[in-house]
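Worth saying up front: this structure is predicted, and the values here are computed from it rather than measured. Just so we're on the same page: letters track the sequence lines, and every chain starts at 1.
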Protein chains: 2
Amino acid sequence: MKLPIPGQPVRGSKTGAPIMALLDLLGRSWAMGIVWHLYSGPSTFRKLQDYCESISPTTLNKRLKELKDSYLIERTVNGYALTEQGKELYELIEPLGSWAKIWAKNFK
Amino acid sequence: MKLPIPGQPVRGSKTGAPIMALLDLLGRSWAMGIVWHLYSGPSTFRKLQDYCESISPTTLNKRLKELKDSYLIERTVNGYALTEQGKELYELIEPLGSWAKIWAKNFK
DNA sequence: CATGTCACTACGTTTTTTGTAGCAAAACTA
DNA sequence: TAGTTTTGCTACAAAAAACGTAGTGACATG
C-alpha cells in the first residue's frame, strides 16, 4: 500500500483531495489507534505492540513508516512520538472518545 | 471481518472500549469516505460507487451493512442516508477537512 | 563473554479487497 | 404492455493486505 500523498491519486479521489488522502491514511488498520495511544506519551516499538494487543510487527512497522512519512509521528530518544502536527490531529479526533461512549449505548 | 461491537473484543481492545470499537469500524477501507460523502445528502448504491471511484461493489455492500448495523446510516426512499447519529459523527470529523489542507502543505 | 532486550525483517498462511460479470426486481418508455 | 434502463446487489477468481511465528543484528547489562 503506497503512501497517500495529497495532490496525487489516493483511495477515494483521483485528484488527491487533502481530506481524501488523510482519510486514506487514517483508514488503514491501526493507524488511528497508534495516534490515539501516542498522545499519552512516547512509546517504544514493543510497547506499541503490547498496547495494540494483536498487531503484527510487519503491520506496525508499515504504519509507523507511513505516519512518519506523513509528518504525524517521529522517532525521539524516548521512542516514537507524535509531532506537533500529530498532536493537532489527535486533538481533532479526541472528541470521538466521549462520543463513542454514547454511541455504544445503541448496542445494549 | 465481523462488526466491532463496543463491550466485546475488537481490534485494539480485548474489553471492547467504545473508542476502540469506533476506530475499528472507521478504520476499514472506505468507511469514513462513505460517511463523508453522505453528509452532502442521501445517495444510491450506484452513486456511491461512482463517488468512491474504485470501490468494489462487494466492499461497498459490506461497509454499508456495517454502518447500518452500527446505527450510523439507514436506507431511505432516497437511498442511503446518515442517521442522526451519523450526522453527529460527521460533524465531529468535519474539522479534518480544513486541517487536511494545511497538512497537505508538508508534501510540497 | 554470556544473557537479555529491542527494533525490526523474512516468510508462509489467512483474510480482505478488488475487478469483472451477471442477475433479478423495480422504474421508466414507447 | 412489451421492451429497455436503472438499481442493488451476488459470485467468483485474482491481487493485495494483514497475521503469526521465527529469527537476526545491534546494543546494553551482569
Side-chain angles (χ1 to χ4, degrees), chain A residues 1-5 8-14 20-21 23-38 41-70 73-82, chain B residues 1-5 8-14 20-21 23-38 41-70 73-82:
Chain A
M1 231 173 172
K2 70 174 205 274
L3 193 71
I5 296 178
Q8 293 178 26
V10 297
R11 188 166 64 186
S13 165
K14 283 172 188 157
M20 287 303 147
L23 294 185
D24 184 352
L25 181 70
L26 299 180
R28 295 173 180 193
S29 64
W30 301 105
M32 286 190 289
I34 292 170
V35 171
W36 194 266
H37 179 61
L38 286 181
S43 187
T44 64
F45 192 92
R46 298 262 166 151
K47 274 185 192 161
L48 278 170
Q49 245 184 309
D50 287 349
Y51 165 71
C52 290
E53 294 180 0
S54 69
I55 193 172
S56 69
T58 320
T59 304
L60 176 55
N61 193 41
K62 246 190 256 176
R63 281 303 94 81
L64 289 173
K65 273 206 177 83
E66 292 166 3
L67 293 171
K68 238 186 306 172
D69 293 346
S70 302
I73 69 174
E74 62 194 348
R75 295 205 61 173
T76 70
V77 285
N78 299 313
Y80 291 96
L82 292 181
Chain B
M1 229 172 174
K2 70 173 206 275
L3 192 70
I5 296 179
Q8 294 177 25
V10 298
R11 187 165 62 188
S13 165
K14 283 172 189 157
M20 287 303 149
L23 294 186
D24 184 354
L25 181 68
L26 298 180
R28 295 172 180 194
S29 65
W30 300 106
M32 285 189 289
I34 292 169
V35 171
W36 194 268
H37 179 61
L38 286 182
S43 187
T44 63
F45 191 95
R46 298 260 166 159
K47 273 185 193 163
L48 278 169
Q49 245 184 308
D50 288 348
Y51 165 71
C52 291
E53 293 178 3
S54 69
I55 193 175
S56 70
T58 320
T59 303
L60 177 55
N61 193 40
K62 246 190 255 176
R63 284 301 96 81
L64 289 173
K65 274 207 177 81
E66 291 167 3
L67 293 171
K68 237 187 306 172
D69 291 346
S70 302
I73 69 173
E74 62 193 347
R75 294 205 61 173
T76 69
V77 286
N78 300 313
Y80 290 97
L82 293 180

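- One atom, CD of B/Q49, and another, C1' of C/dT18, lie 12 Å apart when rounded to the nearest Å.
- The shortest non-hydrogen separation linking A/E66 to A/M1 is OE2-O, 4.0 Å.
- In this structure, the nucleotide among D/dA18, C/dT16, D/dC9 sitting nearest to the side chain of A/T59 is D/dA18.
- Checked by distance alone, B/T58 brings a side-chain donor or acceptor within 3.5 Å of a matching partner on the base of C/dG19.
- In terms of heavy atoms, A/R11 sits closest to A/L23 at NH2-O, 4.3 Å.
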So B/M32 and A/M32, side-chain contact (heavy atoms from CB on, under 4.5 Å) or not? Walk me through it. CA-CA 12 Å; B/M32 285 189 289; A/M32 286 190 289; 3.9 Å; yes
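- Look at CZ on B/R63: it is 16 Å from C1' on D/dC9, rounded to the nearest Å.
- Across the protein-nucleic acid pair, B/M1 atom CE and C/dT18 atom P stand 12 Å apart, rounded to whole Å.
- The residue among A/P57 and B/K47 whose nearest nucleotide of DNA chain D lies closer to the 5′ end is B/K47.
- One interatomic measurement links the two molecules: NZ of A/K62 to C1' of D/dG20, which rounds to 14 Å at whole-angstrom precision.
- The distance from atom CG of B/D24 to atom P of D/dC19 is 11 Å, rounded to the nearest whole Å.
- Taking atom CD on A/E66 and atom C1' on D/dA17, their separation rounds to 11 Å, with Å as the unit.
- Within the structure, a side-chain polar atom (N or O) of B/R75 is placed less than 4.0 Å from OP1 or OP2 of D/dC9.
- For B/S29, taking side-chain heavy atoms from C-beta onward, the closest of the listed nucleotides C/dT17, D/dA17, D/dT10 is C/dT17.
- Using bins of under 30°, 30° to 60° and over 60° for the plane-to-plane angle, the ring pair A/F45/A/Y80 lands in the tilted bin.
- Distances from the side chain of A/S56 to the nucleotides C/dC8, D/dA17, D/dC19 place D/dC19 closest.
- Taking both residues in full, the closest heavy atoms of A/P4 and A/D24 are given as CB-OD2, 3.5 Å, listed atom of the first, atom of the second, then distance.
- Between the CG atom of A/N61 and the P atom of D/dT24 there is a distance of 18 Å, rounded to whole Å.
- For D/dT6, neither phosphate oxygen OP1 nor OP2 lies less than 4.0 angstrom from any side-chain nitrogen or oxygen of B/T44.
- Toward the 5' end of DNA chain D, the nearer of the two residues B/F45 and A/W30, judged by each one's closest nucleotide, is B/F45.
- Not one side-chain nitrogen or oxygen of A/Y80 sits closer than 4.0 Å to the OP1 or OP2 atom of C/dC6.
- Between the CD1 atom of A/I55 and the P atom of C/dC8 there is a distance of 13 Å, given to the nearest Å.
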